[in-house]
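Only this structure's heavy atoms are used, side chains among them; waters, hydrogens and symmetry mates stay out. Remember, predicted model here, so these are calculated numbers, not experimental data.
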Amino acid sequence: MKMKGIESLKEIFKYGAFSLPVANYLLCEGNIPGDCKRILDVLKLAWKGNFKEAIRRADKAVENSRSETAKYFLLANKLAFLKYTGKTDVNLYRYLKRNLPKMSKSIRDTVIVTLINFEASGIKPLRKVRVWKNDYRKSTLSFLYLSLARREADSGRLSEAVHDYIQAYRLSREVPHPTCIVSSLNDLAWDIREKHPKLAHALSQGAVFWLGYYREEPGNLFGALDTLFVVEKDMDSPSIHSTAHIIVSLPVPEDYLSLLKKAKKFVLDYTGSTYPNTSQLRRYVEKVAWKGKTLSSKGISDILKGKTKMIRADTIRKLLTSGVDTGAPFPVWNEWIKMEIERKYRESSEKLKELPFHQRQILFLTTYMALLDREFLSRKEKLKKAYTLLEDIESFADFMAKDHRTMEFVVSMVKAHPFVEGRKEAVKRALARMKRKRLERFVLRYIEMKESDRKLLDRFLRNYGRYDGVRFGIRLKGPEVVREFAKKYSLKVQPLFAAFWCEEDGRVRRRLERVLKHMVLYNLIEIAILFVMVEK
């Protein structure tokens, strides 16, 4: 594909960071001019949340560019990147605003949105940028509404901001533009969290769901997890332990290292059965022990005097007669969450009994393929046994009840954390296209693979689901084994090529090719086993 200039990248700008596979494809396979290449390199850094390096590269690209359009675009993006690093450049804002009449319309729209966003950062210009909403395409208009909402919220006009947040969300869903989808929900949740905490929680969960659906890693949208964590902490919500686990399991941008530190305090210890008798724990025991008096007077006295050096989990559980706030000592918090998992596990097991076998299979696979941490179930023999037992749901329930991690897996089959639920929904779009025989063929091969290859295939299929139905305006190409995989499992070719080009590292793409070859080749023994499984 021959590209003449920055205007040729219009379709990429339409989807924002969601256009990553096209950017990778063009950088590897496309015939693109230097300006376009430098712009894509800068944008990819920003999409990952590496704004400092993106700013450095943008400055270098401006120096090397002969195109005024490319320079304006890079400078506008630099202005936006600076905001994410906590800095402002009023002179750059004024320069871009002054030169708006000189810009081509294709780039002027993008720059105007950036300028309005800048004005929402507490800057009070003498004259704000004017807008004419009828002149913009949907992707630009959605971000325009988002920028206006931020500017209105910053000025205290919350009711007007709510209207524009909703408009931004509605339009960005139609494109789709994932950055705007997540940001509109997240920013609205943040703005109303003090006055309307329950609504803020629901909106924040929605933002994190779409974050999981559209992104492997949050990158520059990590703030959505930050908002959810803050809201759940303020509400003393038990689900904060799941949010904390998600945060510590992902690459955390430098700006959110303080969040990482806070999140680590809420990550569950699944295996602990005794806890040190600390002064903080004794103060808690003294406050609650006499309320229900579920312990003997001597037992309570020994704990309070420090004679009991280690407190058993069962002892702490006897003290828990009601909910626990997030400020409780960790042993108390830990046991309360484990009790919550046990309760939800019993409810989830009953719900699974009501579902047909095939639906249980899909829920099991989508949950396994969506989890960030699944070492507790990844050993081939254990995974195979759990999947096989789905046909006898009572035996499955007994098998999964052996520890809190597998119990939580069952809970996630019915309703997972919103980030995981989004990933489940993405991979489901791939598995749901496979007929029963093809699905069994897939599972047979999948379980036999080593875990690192499973994870690569999981990511590939999640990305397939994300790009199913998305049109980039160009046809992507790639290795023939991708087409063979599509044919073998009744999947669409273009979303699979998009998923293939989501991988930036050429070595990873070559490993993915080997995994796909493994998934399309069968021997006679496997076919015989498959036949027996289907006949059952």
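At least one donor-acceptor pair under 3.5 Å links the side chain of Arg215 to the backbone N or O of Pro218. The main-chain N or O of Thr179 is never found under 3.5 Å from a side-chain atom of Tyr214 such that the two would form a donor-acceptor pair. Arg193 contributes a side-chain N or O that, together with a main-chain N or O of Trp190, makes up a donor-acceptor pair within less than 3.5 Å. Using modelled atom types, no side-chain atom of Arg423 and backbone atom of Arg462 make a donor-acceptor pair closer than 3.5 Å. Checked by atom type and distance alone, the side chain of Lys424 pairs as donor or acceptor with a backbone atom of Met413 at under 3.5 Å. Between the Asp302 side chain and the Thr308 main chain, no donor and acceptor come within less than 3.5 Å of each other. Listed for the Asn277 side chain is no donor-acceptor partner under 3.5 Å among the backbone atoms of Ile311. The backbone N or O of Arg151 sits less than 3.5 Å from a side-chain atom of Ser155, completing a donor-acceptor pair. For the pair Ser204 (side chain) and Ala200 (backbone), a donor-acceptor distance under 3.5 Å is absent. Counting only distance, with no hydrogens or angles, the side chain of Arg454 and the backbone of Ile447 share a donor-acceptor pair below 3.5 Å.
Taking the centre of each ring, Phe143 and His177 come in below the 6.0 Å mark. Aromatic rings of Tyr145 and Tyr165 (six-membered ring for Trp) have centroids beyond the 6.0 Å cut-off, not under it. For Phe419 and Phe209, the distance between ring centers is not under 6.0 angstrom. For an aromatic pair to be called close, the ring centres must be under 6.0 Å apart, and Tyr25 with Phe500 fails this.
A 6.0 Å sphere centred on CD of Glu254 holds no more than 12 heavy atoms belonging to other residues, nucleotides or ligands. The local environment of NZ in Lys382 is crowded, with over 12 non-hydrogen atoms from other residues, nucleotides or ligands closer than 6.0 Å. A 6.0 Å sphere centred on CD of Glu174 holds more than 12 heavy atoms belonging to other residues, nucleotides or ligands. Counting heavy-atom neighbours within 6.0 Å of Lys428 NZ, excluding the residue itself, gives a total of 12 or less.
The nearest pair of heavy atoms linking Ala263 to Ala244 is O-CB, 3.3 Å. Ile55 approaches Lys78 most closely through the heavy-atom pair CG2-CE, 4.0 Å. In terms of heavy-atom proximity, Pro251 sits nearest to Phe222 at O-CE1, 3.5 Å. The nearest pair of heavy atoms linking Trp501 to Asn24 is O-ND2, 2.8 Å. In this structure, Pro178 and Leu221 approach most closely via the heavy-atom pair O-CD1, 4.4 Å. Smallest separation of non-hydrogen atoms from Ala189 and Thr227: CB-CG2, 4.3 Å.
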query = Run the side-chain contact (heavy atoms from CB on, under 4.5 Å) check on Leu79 and Leu96 step by step: do they pass?
reply = CA-CA 9 Å; Leu79 187 66; Leu96 290 169; 4.2 Å; yes
message = Between Ile341 and Leu268, is the side-chain contact (heavy atoms from CB on, under 4.5 Å) condition met? List the steps.
response = CA-CA 11 Å; Ile341 291 172; Leu268 227 57; 3.7 Å; yes
inquiry  = I'd like to know whether Cys28 forms a side-chain contact (heavy atoms from CB on, under 4.5 Å) with Arg509, so could you lay out the CA-CA distance, the side-chain angles of the two residues, the decisive distance to 0.1 Å, and finally the verdict.
reply    = CA-CA 12 Å; Cys28 288; Arg509 289 195 296 269; 3.6 Å; yes
task = Take Phe73 and Asn77, measure what side-chain contact (heavy atoms from CB on, under 4.5 Å) needs, and give me the verdict at the end.
result = CA-CA 6 Å; Phe73 180 80; Asn77 274 278; 3.2 Å; yes
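Taking the six-membered ring where the residue is Trp, Phe51 and Phe81 present tilted rings, their angle falling between 30° and 60°. Ring geometry for Phe376 versus Phe409: interplanar angle over 60°, hence perpendicular rather than tilted (30 to 60°). A perpendicular orientation is assigned to the rings of Tyr275 and Phe330, their planes being inclined by more than 60° (bins at 30° and 60°). The aromatic rings of Tyr368 and Phe364 lie parallel to each other, their planes meeting at an angle below 30°, with 60° marking the opposite boundary.
A salt bridge does not link Glu286 with Arg283: every distance from a Lys NZ or Arg NE/NH1/NH2 to an Asp or Glu carboxylate oxygen is 4.0 Å or more. With salt bridges taken as basic N to acidic carboxylate O contacts below 4.0 Å, one links Asp458 and Arg374. Looking at Glu425 and Arg429, no side-chain N of the basic residue comes within less than 4.0 Å of a carboxylate O on the acidic one, giving no salt bridge. Taking a cutoff of 4.0 Å between a charged side-chain nitrogen and a carboxylate oxygen, Glu347 and Lys351 do not qualify as a salt bridge. In summary, Glu451 and Lys380 do not engage in a salt bridge, as defined by a charged side-chain N under 4.0 Å from a carboxylate O. Using a 4.0 Å cut-off between a side-chain N of Lys or Arg and a carboxylate O of Asp or Glu, Arg459 and Glu503 qualify as a salt bridge. Using a cutoff of 4.0 Å between basic side-chain nitrogens and carboxylate oxygens, Arg405 and Glu408 are not scored as salt-bridged. Ion pairing of Glu63 with Lys60 is absent here, as no side-chain N (NZ or NE/NH1/NH2) approaches a carboxylate O to less than 4.0 Å. Taking the charged nitrogens against the carboxylate oxygens, Lys338 and Glu335 do have a contact shorter than 4.0 Å, which makes a salt bridge. Between Asp314 and Lys318, none of the side-chain N atoms (NZ, or NE/NH1/NH2) sits under 4.0 Å from a carboxylate O, so this pair counts as no salt bridge. With salt bridges taken as basic N to acidic carboxylate O contacts below 4.0 Å, one links Glu340 and Arg343. Note on Glu342 versus Arg317: salt bridge recorded, some NZ/NE/NH1/NH2 to OD/OE distance being below 4.0 Å. Glu504 and Lys48 are joined by a salt bridge, as a carboxylate oxygen and a charged side-chain nitrogen come within less than 4.0 angstrom of each other.
In this structure the side chain of Val410 reaches within 4.5 angstrom of the side chain of Ser349, judged on heavy atoms. Side-chain contact check for Asn463 versus Glu216: some heavy-atom pair is nearer than 4.5 Å. Side chains of Met310 and Pro276 form a contact here, defined as non-hydrogen atoms less than 4.5 Å apart. At a threshold of 4.5 Å between non-hydrogen side-chain atoms, the residues Arg312 and Ile316 do not count as touching. A heavy-atom distance below 4.5 Å is found between the side chains of Leu27 and Asp41. Side-chain contact check for Ile116 versus Val113: every heavy-atom pair is 4.5 Å or farther apart. The shortest distance between side-chain heavy atoms of Leu352 and Leu363 falls below 4.5 Å.
With hydrogens and angles left out, the side-chain atoms of His417 and Thr243 include a donor and acceptor closer than 3.5 Å. Using a 3.5 Å distance cut-off with no hydrogens or angles, the side chains of Asn50 and Lys44 do not pair a donor with an acceptor.
If you take CG on Asp187 and CG on Leu146, they are separated by 5.5 Å, rounding to the nearest 0.5 Å. To the nearest 0.5 Å, atoms CG (Leu148) and NE2 (His163) are separated by 11.0 Å. The OG1 atom of Thr326 sits 11.5 Å away from the CE atom of Met235 when rounded to the nearest 0.5 Å. Atom-to-atom distance recorded for Ser239:OG and Glu232:CD is 3.5 Å, nearest 0.5 angstrom. The CG atom of Leu74 sits 9.5 Å away from the CG atom of Asp59 when rounded to the nearest 0.5 Å. One finds the OH atom of Tyr84 at 11.0 Å from the CG atom of Asp255 (value rounded to the nearest 0.5 Å).
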